[in-house]
Amino acid sequence: MANPFSAFFKPGPARRDSVGEADQTRSAKAADGEAALRFADRVQVLNADPYLMVADARLQLISVFDDLRYDRADLDLLSGPMRSRVIQRLAPLGFSQRTGSVIENKEDDVRMLLPKFKALGASPFDATRDTARREQDYFILTPTQAACTIIDGYPLDDAVKRLEEMVVKHPVNLLRLFDFLEQKQSHQAFKKAIGPLMAMQREAVRQSPLKERRALR
């Protein structure tokens with residue numbers, strides 16, 4: 001006798017198709033993850049240039065050397081020579097300039113984003129906050145902007161450790177950073193780290209290789 005409930009059940013193949021689609025989605029995500037890891041390894045070549053560094057691999061931040069000494073009133077922006085340097089060094093990795101604020105590698109589907117200039121008195125903490133970024137994209141920043149992004153991206157102790165490594169390679173305008181610390185707890189807690197970071201940075205600037213380095217012109 002025919003099953004009276006058979007009309008209410010979908011045939012088996014649809015279930016197999018659904019499972020297959022899920023497997024394909026997982027495989028695509030895994031492939032994207034592997035591609036991102038491979039690119040993360042390749043981009044480390046920028047560290048060979050004393051004017052460039054991967055300031056933070058997890059946050060995907062590229063820092064462009066700015067200067068050895070700062071005044072707290074100094075402008076904090078990527079100058080024309082700083083932009084030219086990073087565009088030149090990214091070209092062998094398959095990048096070309098798409099717009100004034102985007103450098104793109106179409107093959108790897110990765111973009112390097114340069115924050116747009118906002119105003120003379122803009123906070124360096126705002127450099128990346130208003131720029132939409134996909135998971136695989138990177139920011140290209142001044143050392144001070146990169147430092148601010150690290151402060152916002154990590155707990156206090158982790159942020160300090162990362163900045164200890166950074167300030168001896170790419171000095172940061174720590175006084176300007178201090179002036180723009182916000183009232184939130186994480187920023188106020190960071191104040192105690194400014195003094196030791198300044199001492200560490202001053203010592204590094206007195207020694208090679210930093211003491212011979214000059215700002216890009």
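Residues L141 and I87 do not share a hydrophobic cluster, defined by chaining ILVMFWY side chains whose heavy atoms lie under 4.5 Å apart. A single hydrophobic cluster is not seen to contain both F125 and I140; linkage of ILVMFWY side chains at heavy-atom distances under 4.5 Å, directly or through other members, places them apart. The hydrophobic cluster containing L197 does not contain F65, counting ILVMFWY residues as joined when their side-chain heavy atoms lie under 4.5 angstrom apart, directly or transitively. One hydrophobic cluster, built from ILVMFWY side chains closer than 4.5 Å, holds both L78 and L90. The hydrophobic clustering, which links ILVMFWY residues whose side-chain heavy atoms are closer than 4.5 Å, places V86 and F139 apart.
Between R85 and D49, at least one side-chain N (NZ, or NE/NH1/NH2) sits under 4.0 Å from a carboxylate O, which counts as a salt bridge.
Listed by chain and number, the residues in a side chain to side chain donor-acceptor pair (under 3.5 Å) with T144 amount to none (sequence neighbours excluded). For R72, the salt bridge (charged side-chain N to carboxylate O under 4.0 Å, His left out) criterion is met by D179, not counting sequence neighbours.
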Practice prompt. Output, in order, the C-alpha distance, side-chain angles, deciding distance and verdict of side chain to side chain contact (heavy atoms under 4.5 Å, CB included) for I150 and L59.
Written response: CA-CA 8 Å; I150 289 170; L59 298 180; 4.3 Å; yes
Fill in: Evaluation steps, side chain to side chain contact (heavy atoms under 4.5 Å, CB included), between R134 and D109
CA-CA 10 Å; R134 303 173 305 167; D109 192 27; 2.9 Å; yes
Worksheet item: Run the salt bridge (charged side-chain N to carboxylate O under 4.0 Å, His left out) check on D41 and R38 step by step: do they pass?
Response: CA-CA 5 Å; D41 288 338; R38 288 196 299 273; over 6 Å; no
Discussion item. Using the rule given for side chain to side chain contact (heavy atoms under 4.5 Å, CB included), can you reason through L177 versus F190, listing the C-alpha separation, both sets of side-chain angles and the distance that settles it, and then say yes or no?
Written reply: CA-CA 11 Å; L177 185 157; F190 189 80; 4.0 Å; yes
Item to complete: Determine, stepwise, if the pair D66 / T142 fulfils side chain to side chain donor-acceptor pair (under 3.5 Å).
Response: CA-CA 6 Å; D66 190 354; T142 69; 5.4 Å; no
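The side chain to side chain donor-acceptor pair (under 3.5 Å) pairs that include a residue from residues 188-201 are Q188-K191, where partners are two or more places apart or lie in different chains.
From N173, atom CG reaches atom CD of Q145 across 11.0 Å, with rounding to the nearest 0.5 Å. Taking OG of S79 as the start and CG of D67 as the end, the distance is 10.0 Å to the nearest 0.5 Å. Interatomic distance, L77 CG to K116 NZ, rounded to the nearest 0.5 Å: 15.5 Å. Here the CZ atom belonging to R214 is positioned 8.5 Å from the OH atom belonging to Y51, to the nearest 0.5 angstrom. The distance from the NZ atom of K169 to the OG atom of S63 is 11.0 Å, given to the nearest 0.5 Å. Distance check, rounded to the nearest 0.5 Å: CD1 of I194 to CG of L181 gives 5.5 Å.
When all heavy atoms are compared, the tightest approach of L113 to P115 is O-CD, 3.7 Å. Heavy-atom minimum distance, A146 versus M166: CB-CE, 3.7 Å.
Side-chain atoms of V172 and L163, non-hydrogen and from C-beta on, never get closer than 4.5 Å to each other. In this structure, R133 and Q60 have side chains that are in contact, with non-hydrogen atoms separated by less than 4.5 Å. Side-chain atoms of E164 and V168, non-hydrogen and from C-beta on, never get closer than 4.5 Å to each other. The shortest distance between side-chain heavy atoms of P171 and R69 does not fall below 4.5 Å. Counting heavy atoms from C-beta outward, I62 and M112 have side chains that approach closer than 4.5 Å. At a threshold of 4.5 Å between non-hydrogen side-chain atoms, the residues H170 and R213 count as touching.
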Would you be so kind as to tabulate the donor-acceptor pairs closer than 3.5 Å made by side chains of residues 152-161, with sequence neighbours excluded?
from: D152; atom 1: OD1; to: H187; atom 2: NE2; distance (Å): 2.8
from: D152; atom 1: OD2; to: R129; atom 2: NH2; distance (Å): 2.8
from: Y154; atom 1: OH; to: D56; atom 2: OD1; distance (Å): 3.0
from: Y154; atom 1: OH; to: D56; atom 2: OD2; distance (Å): 2.7
from: Y154; atom 1: OH; to: R58; atom 2: NE; distance (Å): 3.2
from: Y154; atom 1: OH; to: R162; atom 2: NE; distance (Å): 3.3

Under 3.5 Å, side-chain donor or acceptor atoms of residues 91-101 against the rest of the protein: list the pairs with distances, not counting sequence neighbours.
from: Q97; atom 1: NE2; to: T99; atom 2: O; distance (Å): 3.2
from: T99; atom 1: OG1; to: S101; atom 2: N; distance (Å): 3.2
from: T99; atom 1: OG1; to: V102; atom 2: N; distance (Å): 3.2

Result block: side-chain N/O donor-acceptor pairs under 3.5 angstrom for residues 202-209, not counting sequence neighbours:
from: E203; atom 1: OE1; to: R206; atom 2: NH1; distance (Å): 3.0
from: E203; atom 1: OE2; to: Q207; atom 2: NE2; distance (Å): 2.6
from: Q207; atom 1: NE2; to: E203; atom 2: O; distance (Å): 3.4
from: S208; atom 1: OG; to: E212; atom 2: OE1; distance (Å): 3.1
from: S208; atom 1: OG; to: E212; atom 2: OE2; distance (Å): 2.8

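Each of L52, D108, V54, V110 was compared with V43 under the side chain to side chain contact (heavy atoms under 4.5 Å, CB included) criterion, and only V54 meets it. Residue M53 is tested with N47, V64, L46 for a side chain to side chain contact (heavy atoms under 4.5 Å, CB included); the sole match is N47.
A cation-pi arrangement is not found for R176 relative to Y70, the charged atom failing to lie both closer than 6.0 Å to the ring centre and inside a 45° cone about the ring normal.
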